[in-house]
Amino acid sequence: MSQNGKGSSVGRRPRGGVGTVALKILGFTAVLGFLGLMFAPVLMSDNAALRTIMNVATLLGAGALYFQLGASAGEDDCKTDFLRVKAKAITPDALRAPQAYSRGKTLLGALLGASPFIILGVVVAINAVPYTYTLQDLPSWLNAYMRQPDVGRALEYYNREIVTPITDWLRIGVRFAILPFVYLIAPMGDEASLLLDRFSPLLMLPLPACYAIGYLIGPARFDKTRKFIESVKSKPRMRLKKKVHEARKRKDDHNQLI
């Protein structure tokens, strides 16, 4: 009964799939965005050196986290496949189960997870235009002067209704996903902000790529872990063989003396 249970657990369909990877990437992007908002006072520091150091450290830390999570997922999938092959003596169904480790699955999932923000970034990049000054609302104390012809006619320009274009609303979602890049580049001026809008789809790719690259080294990590475990298990056996050999040698020497 225990053998059947073990075989069924090894032979079942892998839990990770394209949807799982996509949700991970989407969730990590959202978490990074919220962290960027929480620590905005530090990441948006007026001190250029401090701002650069903090945002670069944030990006490197996020990249390392994505890499480690991908490597861990790849190692777990390799472990599942290894146990399935090892269980073939218990149940033939184990070998008919889908392979857990899949590079294509992870690459597609990472791309799908970033795709909502990439699509928004493409729309913003296509519609990006140079930044222009927008008139602000008039202070309330000027309303009394609007009735005076000489002053009112000059201030009528401020009363035009301004409609916020859809691109500005989409830009909010795009910049939420790449806040460390925004904090780094946006303070450099309007031209830098325009370049940020036009290259924003590309800035969505580095972190999901770190996850995919980490997944690719999963087999190497699993082999290293497996060899380490086997070496640890072999040490007691080697010590036991050595003791048996020494005992046999002492017995042979004793017999020769007799």
Please answer whether the main-chain N or O of [Y] pairs with a side-chain N or O of [X] as donor and acceptor at a distance below 3.5 Å.
X      : Y      : result
Asp197 : Val124 : no
Tyr101 : Tyr215 : yes
Tyr183 : Val42  : no
Arg51  : Ser45  : yes
Ser72  : Leu69  : no

Shortest non-hydrogen contact from [X] to [Y]?
X      : Y      : value
Cys78  : Gly218 : SG-C, 4.1 Å
Val21  : Ala110 : CG1-N, 3.6 Å
Ile118 : Leu205 : CD1-CD2, 3.6 Å
Gly63  : Cys210 : O-CB, 3.6 Å
Asp81  : Ala100 : OD1-N, 2.8 Å
Ala212 : Leu107 : CB-CD2, 3.5 Å

In chain order, what residues pass the side chain to side chain donor-acceptor pair (under 3.5 Å) check against Arg221, with sequence neighbours excluded?
Gln68, Glu75
Close side-chain approach of [X] and [Y], heavy atoms under 4.5 Å:
X      : Y      : value
Phe176 : Leu37  : yes
Leu184 : Thr52  : yes
Leu195 : Ile185 : no
Phe117 : Ile178 : no
Leu216 : Thr106 : no
Asp77  : Phe222 : no

Charged N to carboxylate O below 4.0 Å: is that the case for Lys79 and Asp76?
no
Give the C-alpha distance, both sets of side-chain angles, the deciding distance and a yes or no for side-chain contact (heavy atoms from CB on, under 4.5 Å) between Leu207 and Phe28.
CA-CA 9 Å; Leu207 294 180; Phe28 296 155; over 6 Å; no
State the [atom1]-[atom2] distance between [X] and [Y], to the nearest 0.5 angstrom.
X      : Y      : atom1 : atom2 : answer
Asn55  : Phe39  : CG    : CZ    : 12.5 Å
Thr29  : Leu179 : OG1   : CG    : 11.5 Å
Arg175 : Leu203 : CZ    : CG    : 10.5 Å
Thr167 : Ile172 : OG1   : CD1   : 11.5 Å

Same apolar cluster (I L V M F W Y, side chains within < 4.5 Å links), [X]/[Y]:
X      : Y      : answer
Phe67  : Leu59  : no
Phe34  : Met54  : yes
Val123 : Val182 : yes
Met204 : Val122 : yes
Leu202 : Val56  : yes

Residue Asp46 excluded, over 12 heavy atoms near CG under 6.0 Å:
no
Are more than 12 heavy atoms, taken from residues, nucleotides or ligands other than Arg226, located less than 6.0 Å from that residue's CZ atom?
yes
side-chain contact (heavy atoms from CB on, under 4.5 Å) between Leu26 and Leu112: does it pass, once the steps are laid out?
CA-CA 9 Å; Leu26 188 62; Leu112 287 177; over 6 Å; no
